[in-house]
Amino acid sequence: MRFTRFGLSTLRDTPAEAEIVSHQLMLRAGLIRRLSSGLFTWMPLGLRVLRKVEAIVREEMDRAGALEVLMPAVQPAELWQETGRWEKYGNLLLRMQDRHQRDYCFGPTHEEVITDIARRELRSYKQLPVNFYQIQTKFRDEIRPRFGVMRAREFTMKDAYSFDVDQAGLEQSYQVMHAAYTAIFERLGLKFRVVDADSGEIGGNRSQEFHVLADSGEDAIAWCDEDNFASNVETAATTAADGEALAPELELEKVSTPNTKTIEELTTLLSLKPEQTLKTLIVEGDEQPVALVLRGDHELNAIKAAKIPGVASPLTMSDPATIVRVTGCKPGFAGPIGLKIPVFYDHATKVMSDFVCGANEADMHLTGVNFGRDIDTPKTVDLRNVVEGDSTPGGKGTLSIARGIEVGHIFQLGTSYSEAMNATIQDQDGNDVTLLMGCYGIGITRIVGAAIEQNNDERGIIWPEPLAPFDVVLIPINMHRSDTLREAAEALYAELAELGLDVLFDDRDARPGVKFADAELIGIPHRLVISDRGLEAGELEYRHRRDDDSRMMKREDALNLLKESSLS
RNA sequence: CGGGGUGUAGCUCAGCCUGGUAGAGCACUGUCUUCGGGAGGCAGGGGCCGGAAGUUCAAAUCUUCUCACCCCGACCA
């Protein structure tokens, strides 16, 4: 491809809207352009990368025996009403009507459609197992689209759905996908981790996420290699603290703490560590509000909390008026003592002594509080996010925490959709049995952002070679003033293409610095510079995007090097 | 949804407070010089100053409404 014919425009300035490095670089390198909030056009350069991702995913899915289909992006409301998700999915679902005022949605996922296919097409267990997949555009009306293609509203997803006659079959299908996903992310050249996960909106039993590791990731993941444990922090369990609380040393005392609504203000005022405080959060319950009590330095885990019987799901913080009603004081001074509503304590609070908590009285806290003496010793539950250094559920090690970008998610759905939609099949004994489903997603567009997030430097993108839009960039120096060089450059360009390499030939009449800067910004792995200088010696200058320096090579050696790298 | 912020050239932004001919850098066109790490000169093109209403002799600038985009989201940040 000739640069002058490729319609690529790069930006020197970083557009103000981009917050994270991958978004900035995607805009600067001309991979994408924004149309509207969460909507992006993939420009020629970006589309090349996207197609590479798709191709790898498609190859591995095919290899795993999955069958490619293409379902409609627009889906009738009736299907979603069958599974109850027309209501349950909420505002994330983009709804629309046709000219007859019939309701439709733009598909955010395709369980309903594929289950409909399955109940029509699948009659006998002999047709199983089967796994249908597609690579397709989805739309989710995100509350807050951000980070460019990482959390866009419209995006490309590979979604696959397996069907089995029994649980053993489902587990087998699930493992096949687990292996296929591992192969995909390895081939993409990304550093990733597989973690246990919450099954969330889609429902079902076992579920694991594939995360590309990156500091800007929206998810926190906890792992411990000694214990072979890895989980999204959303679901990583904490265990009940060992041991007993120390004997009280301090007397219960009520102290004035005006305008200290946060733990930070409280610890500053009283010269405490956050670990010596309790915080009490009032949330909505099924019948009445409930209080959740955590150690001051811990974070509430909304998913865990919402699963406690009596707590409203999804977790909803009570409004200030309710807090006043149940605690008798303004927000910021709630404490467990004297509350007339159910109170749930986190495991970590069990071993606390001589701690500080709100007094349920405006501008007052209690100090020297102890379980057993001032309040009943509580039964504790798992309410908080794990933190670095927590012991693992298996007890063999401690947890490390890293951030990740969720790029793949596999679920054992079981019968949640097939039952609601009456998708059954005949087994060997001639009985009708409900199909067991698995579903498996990969965020195709998100992978492009995640890859950049993990591979960049101050000059720009550094593509992993399997994703690079071009294998090699050919930069002639001052070609427009030397016919000899032009001929040599053209010949080299033709020869590289002949080798099956994707070549970007920078034929612009531009100064070398401009060409180097652009080549580095768009991140082409291999760079060949051809100049009058080297031409006489029959040499080219070679440099890999990750190299610090370039080196002169004989023309043939350079060609061989590129040939080999394109084969590997 | 709630809170905050920003809308001026393709991009980054100044001008707005204190109303009076719409600006800079980058990008773009032509031309000359330059030519191995984002060159320089000269000459150009490009703006419903997000939209509407209002105040005024006069509005990018003041007022109101509206739209779009960005950031933040219970404890903690």
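Just so it is clear: chains get the letters A, B, ... in the order the sequence lines come, proteins before strands, and each one is counted from 1.
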How is [X] classified with respect to the nucleic acid when contacts are heavy atoms under 4.0 Å: base, sugar-phosphate, or nothing?
X	answer
Arg508(A)	nothing
Asp518(A)	base
Ile263(A)	sugar-phosphate
Ser531(A)	base
Glu19(A)	sugar-phosphate
Ser36(A)	sugar-phosphate
Arg295(A)	nothing
Ser9(A)	nothing
Arg33(A)	nothing
Arg533(A)	base
Arg151(A)	nothing

- Should Arg146(A) be listed as having a side-chain N or O under 4.0 Å from OP1 or OP2 of C72(B)?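 Yes, such a contact exists.
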- Message: Does C1(B) have OP1 or OP2 under 4.0 Å away from a side-chain N or O of Asn91(A)?
- Response: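 So the side chain of Asn91(A) is outside the cut-off, no N or O lying under 4.0 Å from OP1 or OP2 of C1(B).
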What's the closest nucleotide to the side chain of [X] if the choices are [options]?
X	options	result
Arg144(A)	C71(B), G36(B), G25(B)	C71(B)
Ser37(A)	G37(B), C69(B), G36(B)	C69(B)
Pro15(A)	G36(B), C11(B), C13(B)	C11(B)
Phe516(A)	C11(B), G36(B), A27(B)	G36(B)
Ala16(A)	G36(B), A27(B), U12(B)	U12(B)
Glu520(A)	C70(B), G73(B), G37(B)	G37(B)
Arg481(A)	G36(B), C35(B), C75(B)	C35(B)
Val514(A)	C75(B), C72(B), A39(B)	A39(B)
Asn478(A)	G36(B), G38(B), C75(B)	G36(B)

Counting Watson-Crick and G-U wobble pairs only, both distances under 3.5 Å, name the nucleotide matched with [N], or none.
N	answer
A24(B)	U12(B)
C75(B)	none
U56(B)	none
C69(B)	G5(B)
C42(B)	G30(B)
C17(B)	none
C49(B)	none

- Query: Quick one: on RNA chain B, does Glu541(A) or Gly296(A) contact a more 5' nucleotide (nearest heavy atom)?
  - Reply: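 The residue mapped nearer the 5' terminus is Glu541(A).
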- Item | His298(A) or Gly38(A), whichever maps to the more 5' nucleotide of RNA chain B |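 Nearest nucleotide further toward 5': that of Gly38(A).
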To the nearest angstrom, how far is [X] atom [atom1] from [N] atom [atom2]?
X	N	atom1	atom2	result
Ile477(A)	A39(B)	CD1	P	13 Å
Leu11(A)	C26(B)	CG	C1'	10 Å
Glu299(A)	G73(B)	CD	P	11 Å
Asp509(A)	G30(B)	CG	P	11 Å
Leu315(A)	C75(B)	CG	P	13 Å
Arg12(A)	A39(B)	CZ	P	7 Å
Leu540(A)	G36(B)	CG	P	18 Å
Asp13(A)	G25(B)	CG	C1'	8 Å

Any donor-acceptor N/O pair, [X] side chain to [Y] backbone, under 3.5 Å:
X	Y	value
Asp382(A)	Ala237(A)	no
Arg403(A)	Glu218(A)	yes
Lys554(A)	Ala537(A)	yes
Glu388(A)	Ile401(A)	yes

- Under the 3.5 Å rule, do the base of G36(B) and the side chain of Arg527(A) count as making a donor-acceptor pair?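 There is none.
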- Message: Using a distance-only criterion (donor-acceptor N/O pair, under 3.5 Å, no hydrogens), is the base of U34(B) paired with the side chain of Arg511(A)?
- Response: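 In this structure, the two groups form a donor-acceptor pair.
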[N] versus [M] - spacing of their [atom1] atoms, nearest Å:
N	M	atom1	value
U21(B)	U61(B)	P	13 Å
C35(B)	C72(B)	C1'	49 Å
G40(B)	U34(B)	P	16 Å
G15(B)	G7(B)	P	10 Å
C65(B)	G23(B)	P	32 Å
A43(B)	G38(B)	P	26 Å
U63(B)	C17(B)	C1'	15 Å
U31(B)	G45(B)	C1'	15 Å

- Message: For the residue pair Glu465(A) / His544(A), report whether a side-chain donor-acceptor contact shorter than 3.5 Å exists.
- Response: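 Yes - a donor-acceptor pair under 3.5 Å links their side chains.
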- Relative to the ring of Tyr542(A), is the ring of His526(A) parallel (under 30°), tilted (30 to 60°) or perpendicular (over 60°)?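 The arrangement is tilted - the two ring planes meet at 30° to 60°.
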- Query: Going by the angle between their ring planes, with limits at 30° and 60°, are Phe371(A) and Phe355(A) parallel, tilted or perpendicular?
  - Reply: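 Tilted.
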- Does the side chain of Val149(A) reach to within under 4.5 Å of the side chain of Arg446(A), using non-hydrogen atoms?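 Val149(A) does not reach Arg446(A) side chain to side chain.
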- In a check of salt bridge (Lys or Arg N to Asp or Glu O under 4.0 Å) between Asp346(A) and each of Arg384(A), Arg295(A), Lys379(A), which one passes?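 So the option named by the test is Arg384(A).
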- Does NZ or CZ of Arg545(A) fall inside the cone over Trp463(A)'s six-membered ring, less than 6.0 Å from its centre and within 45° of the axis?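 Ring-cation test returns no.
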